[in-house]
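For reference, the structure discussed in these notes is given below.
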Amino acid sequence: MEIIITEWALDSYLDLLSRIAFTRDEYKKTIRPDVRRLHSYPEDPKFKSAKFWSPASDPRGGRSIQNGYKMKWHNLGPGKVQLRLPIGILRQAVLCEAYVKENAKQEKRKLARFKTHLQLIMMGKYTERGRLP
């Protein structure tokens, strides 16, 4: 499966890196290799782990967001944060705005934003900043 990096994903990566949410070493050894697993989605066994991969929940009603998923990492960086990366699974895997999970209210806001991003992606109204080889 192709992996598309949106402007939202790139901007959030740069912001999180500047805030030291994770280290460059964690990015190179953990985050990037995990994201590259999308090339073999859904066959890679790691996608069966609920601690790593799950459907994104609609903040209005708790049902799953159609075509929406999130990757999850725990205890990253000096602050031991929980990192989330929303991903739209369409014909390709489309990376959206990553964030540090702070609390339930903030996560609902981020997932509402992700739902809007998915709608824009399906309409072709997003900026592609690259593809992950």
Side-chain angles (χ1 to χ4, degrees):
M1 176 175 289
E2 282 189 291
I3 304 169
I4 295 177
I5 303 166
T6 64
E7 185 168 34
W8 305 305
L10 178 60
D11 288 348
S12 65
Y13 162 75
L14 295 171
D15 177 59
L16 291 166
L17 190 60
S18 73
R19 292 191 290 137
I20 314 172
F22 51 83
T23 65
R24 288 188 186 273
D25 194 50
E26 287 172 319
Y27 173 76
K28 288 178 185 176
K29 292 181 179 175
T30 303
I31 298 168
R32 186 177 173 100
D34 281 347
V35 172
R36 290 180 53 96
R37 291 172 186 276
L38 288 164
H39 286 302
S40 59
Y41 176 81
E43 288 81 23
D44 189 303
K46 197 155 182 184
F47 290 112
K48 305 228 183 324
S49 169
K51 289 186 176 192
F52 170 72
W53 180 259
S54 67
S57 297
D58 191 325
R60 296 184 202 160
R63 288 178 283 144
S64 296
I65 298 171
Q66 186 175 5
N67 303 317
Y69 297 88
K70 58 184 175 177
M71 282 187 176
K72 304 178 272 189
W73 295 274
H74 305 273
N75 298 317
L76 286 180
K80 302 298 181 197
V81 300
Q82 296 183 50
L83 182 67
R84 301 292 186 261
L85 176 59
I87 299 166
I89 300 292
L90 304 160
R91 290 187 187 112
Q92 309 95 354
V94 184
L95 308 183
C96 292
E97 180 183 28
Y99 60 93
V100 170
K101 180 181 175 185
E102 296 169 3
N103 57 55
K105 286 176 79 172
Q106 176 254 12
E107 181 149 43
K108 284 184 177 186
R109 287 192 305 272
K110 293 293 187 178
L111 290 173
R113 195 159 148 147
F114 172 51
K115 189 175 175 184
T116 300
H117 287 166
L118 269 179
Q119 291 167 345
L120 291 169
I121 289 165
M122 287 187 264
M123 293 187 298
K125 296 183 178 186
Y126 69 98
T127 303
E128 182 180 322
R129 289 295 181 204
R131 294 181 183 232
L132 203 61

Check [X] against [Y] and note the closest heavy-atom contact, atom names and distance.
X	Y	result
S64	P55	OG-CB, 3.5 Å
L38	M1	O-CB, 3.4 Å
G68	L118	CA-CD1, 3.8 Å
H74	K51	NE2-O, 3.3 Å

When you compare the side chain of [Y] with that of [X], does any pair of heavy atoms fall below 4.5 Å?
X	Y	result
L132	R32	yes
Y99	R113	no
I87	K70	no
H117	E97	yes
F114	Y69	no

Nearest 0.5 Å please: distance from the [atom1] atom of [X] over to the [atom2] atom of [Y].
X	Y	atom1	atom2	result
E26	N75	CD	CG	9.5 Å
I31	K29	CD1	NZ	13.0 Å
Q92	I4	CD	CD1	3.5 Å
E128	T6	CD	OG1	9.5 Å
L76	Q82	CG	CD	9.5 Å

*asked:* Is the terminal nitrogen or CZ of K72 (NZ for Lys, CZ for Arg) located under 6.0 angstrom from the six-membered ring centre of F52 and within 45° of that ring's axis?
replied: no
State whether [X] and [Y] are salt-bridged, where the test is any N-O pair (Lys NZ or Arg NE/NH1/NH2 against Asp/Glu carboxylate O) under 4.0 Å.
X	Y	value
E43	K48	no
E102	K105	no
D34	R37	yes

*asked:* Would W53 and K46 count as a side chain to side chain contact (heavy atoms under 4.5 Å, CB included) here? Give the steps.
replied: CA-CA 8 Å; W53 180 259; K46 197 155 182 184; over 6 Å; no
*Hey, mind stepping through L16 and V100 against side chain to side chain contact (heavy atoms under 4.5 Å, CB included) and telling me if it holds?*
CA-CA 8 Å; L16 291 166; V100 170; 3.6 Å; yes
*Could you check T23 against Y27 for side chain to side chain contact (heavy atoms under 4.5 Å, CB included), going step by step and ending with a plain yes or no?*
CA-CA 6 Å; T23 65; Y27 173 76; over 6 Å; no
_CA sep, side-chain torsions, deciding dist, call: I121, C96, side chain to side chain contact (heavy atoms under 4.5 Å, CB included)_ = CA-CA 10 Å; I121 289 165; C96 292; 3.6 Å; yes
